[in-house]
There are 2 protein chains.
Amino acid sequence: MTPPVARTRIQRKNIALISEAALNIFSAHGFRGATVDQIAREASLSKPNLLYYFPSKEAIHTHLLSTLMDTWLDPLRELQGTGDPLDEILTYVRRKLQMSRDHPRESRLFANEIVQGAPHILDLLSTDLKTLVDEKATIIEGWMAAGRLAPADPYHLIFSIWSLTQHYADFDVQVHAVLGPDRPDPFPQAEAYLTTLFTRMLAPSPQTPPTKAS
Amino acid sequence: MTPPVARTRIQRKNIALISEAALNIFSAHGFRGATVDQIAREASLSKPNLLYYFPSKEAIHTHLLSTLMDTWLDPLRELQGTGDPLDEILTYVRRKLQMSRDHPRESRLFANEIVQGAPHILDLLSTDLKTLVDEKATIIEGWMAAGRLAPADPYHLIFSIWSLTQHYADFDVQVHAVLGPDRPDPFPQAEAYLTTLFTRMLAPSPQTPPTKAS
DNA sequence: ATTCCTTTTGACCTTTTGGTCAAACCCACG
DNA sequence: CGTGGGTTTGACCAAAAGGTCAAAAGGAAT
């Protein structure tokens, strides 16, 4: 009855401590590459003490992944179909890019999991995630049908936003290696580039009036 | 004196066998997640026999990565600056997407390596890869300066091609989970989408004449 | 067939790793 | 201040994993 719900103050503190440490280690080495000793050292706890809060290495990993999934999909949930279509898309792109800059460890944790076949969250992907994406794809399709956005496959549009933004977190070392050691922060340029990309991709052609097409 | 250069027929056969098996295992589980026993079993060899051809687990991994890097960059090398700019870019995109479809294991092996900080090939990235990208970025910049391509950051353009195409191999399970079990092959749609994306992004605005600008 | 080199393997070794346990420690509350 | 809960740890364990070795098996050229 100790682990998930934090009862005492000390439990809350240590569970947060362990989560932080585990995020560092898991995101840097993957699940198999991380060791419990490493995580314990990173959290400045003894290994048995760590195992007192989480029953197993896998439990820590699962805990991280499930709390992550929530915040990870927040930007997409915000796409509500109320504002200007292009603005909403661009806002989503920018928020997603911000997450890559501000939470690269989370992005890499997720990437590690997916690349290796998503063994722990496969069902989440085909249920919760699929539902959410279906919903947003419908909104986007509506915009396109109304001529407020240039036509394109909405699912692949979403995939492209994911891949482009997460690339700057997940493949961070490659980006820096190619750009050279002198350019420390590629994000401002990335944001400008992605803004241009999706604007040119999605801006509706002028001959179609914004409302009441055909 | 046994491992790298295959002398006898049997050596060639077994080294190929091991490479195949190791590619399967490494790409599915990452370096730390793969075990020598697993690879040996996959190759139908005993573990000591496998270790007879490669001195260590790491040697197999290094061998795979270095042979991979070569073929992996071939599509980019083909971008030579001789043909129509947009055609050359689109050809590159399509070839890269084909590699994701035909060689997803290689893509995932590479992704695993990069996500975890590229510990084995970091120097290759900042030397060989950087040189190649610098060269191609110059070509692309030339096209843009001549008004034959809409202006954009050439480095981020290349990054975007990498991320978009490799996404379909590396995040394959996610793509399938979101699209649903009924749609088995997302590649034709992906190709159409990416063709549209880069055409809209890069097609030069008509007011600029193709040659001798300003 | 003999010989020499290559190939294969069963047995074994060491280190790493995930996890356990009983005992000690701490600390608020009565 | 002492007692009962929560907390911490040193010592330990078993399994997994990377790698070694000597000896057996195979195979091609003489």
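Taking side-chain N and O atoms only, A/Gln11 has no distance below 4.0 Å to OP1 or OP2 of D/dG6. Taking side-chain N and O atoms only, A/Asn14 has no distance below 4.0 Å to OP1 or OP2 of D/dG6. At the phosphate of C/dT9, OP1 or OP2 sits under 4.0 Å from a side-chain N or O atom of B/Asn49.
Within the 4.5 Å cutoff, the side chain of B/Gln166 has heavy atoms near those of the B/Lys96 side chain.
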**Asked** For nucleotides 24-30 of chain C, read 5' to 3', which letter fits each nucleotide if B means a protein heavy atom sits under 4.0 Å from the base, S means only the sugar-phosphate is that close, and - means neither?
**Response** -------
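Which of D/dG19, C/dT9, D/dT8 sits closest to the side chain of A/Ile10 comes down to D/dT8. Among the nucleotides D/dG19, C/dT20, C/dT7, the one closest to the side chain of B/Leu51 is D/dG19. For B/Thr8, taking side-chain heavy atoms from C-beta onward, the closest of the listed nucleotides C/dT7, C/dT20, D/dT20 is C/dT7. The B/Tyr52 side chain lies nearest to C/dT6 when the options are C/dC21, C/dT6, D/dT20.
The salt bridge (charged side-chain N to carboxylate O under 4.0 Å, His left out) pairs that include a residue from residues 26-47 of chain B are B/Asp37-B/Lys47, where partners are two or more places apart or lie in different chains.
Residues forming a salt bridge (charged side-chain N to carboxylate O under 4.0 Å, His left out) with A/Lys13 (at least two apart in sequence, or on another chain): none. Every residue two or more places apart in sequence or in another chain that forms a side-chain contact (heavy atoms from CB on, under 4.5 Å) with B/Lys136 is listed here: B/Leu76, B/Leu79, B/Gln80, B/Leu132, B/Ile139, B/Ile158. Qualifying side chain to side chain donor-acceptor pair (under 3.5 Å) partners for A/Thr165, counting only residues two or more places apart in sequence or in other chains: none.
At a cut-off of 3.5 Å, with distance as the only test, a side-chain donor of A/Asn14 or A/Tyr53 sits close to an acceptor on the other residue. Residues A/Glu58 and A/His120 bring a donor and an acceptor atom of their side chains to less than 3.5 Å of each other.
Look at CG on A/Leu50: it is 14 Å from C1' on C/dT20, rounded to the nearest Å. Separating the NZ atom of B/Lys13 from the C1' atom of C/dT6 is a distance of 13 Å, rounded to the nearest angstrom. If you measure from atom CG of A/Leu17 to atom P of D/dT7, you get 14 Å, rounded to the nearest angstrom. Between B/Phe54 atom CZ and C/dT7 atom C1' there is a gap of 15 Å when expressed in whole angstrom units. Going from atom OH of A/Tyr53 over to atom P of D/dT9 covers 10 Å, rounded to whole Å. For the pair B/Lys57 NZ and C/dT16 P, the computed distance is 14 Å after rounding to whole Å. One interatomic measurement links the two molecules: CD of A/Glu58 to P of C/dG18, which rounds to 12 Å at whole-angstrom precision. Look at CD1 on A/Ile18: it is 12 Å from C1' on D/dT8, rounded to the nearest Å.
Between B/Tyr168 and B/His176, the distance from one ring center to the other does not fall under 6.0 angstrom.
Of the residues in residues 26-47 of chain B, those with a non-hydrogen atom less than 4.0 angstrom from any atom of DNA chain C are B/Arg32, B/Ser46.
Salt bridge status for A/Glu20 with A/Arg105: present, with a side-chain N to carboxylate O gap under 4.0 Å.
In this pair, B/His167 and A/Phe159 present their aromatic rings tilted. The plane angle is within the 30 to 60° band.
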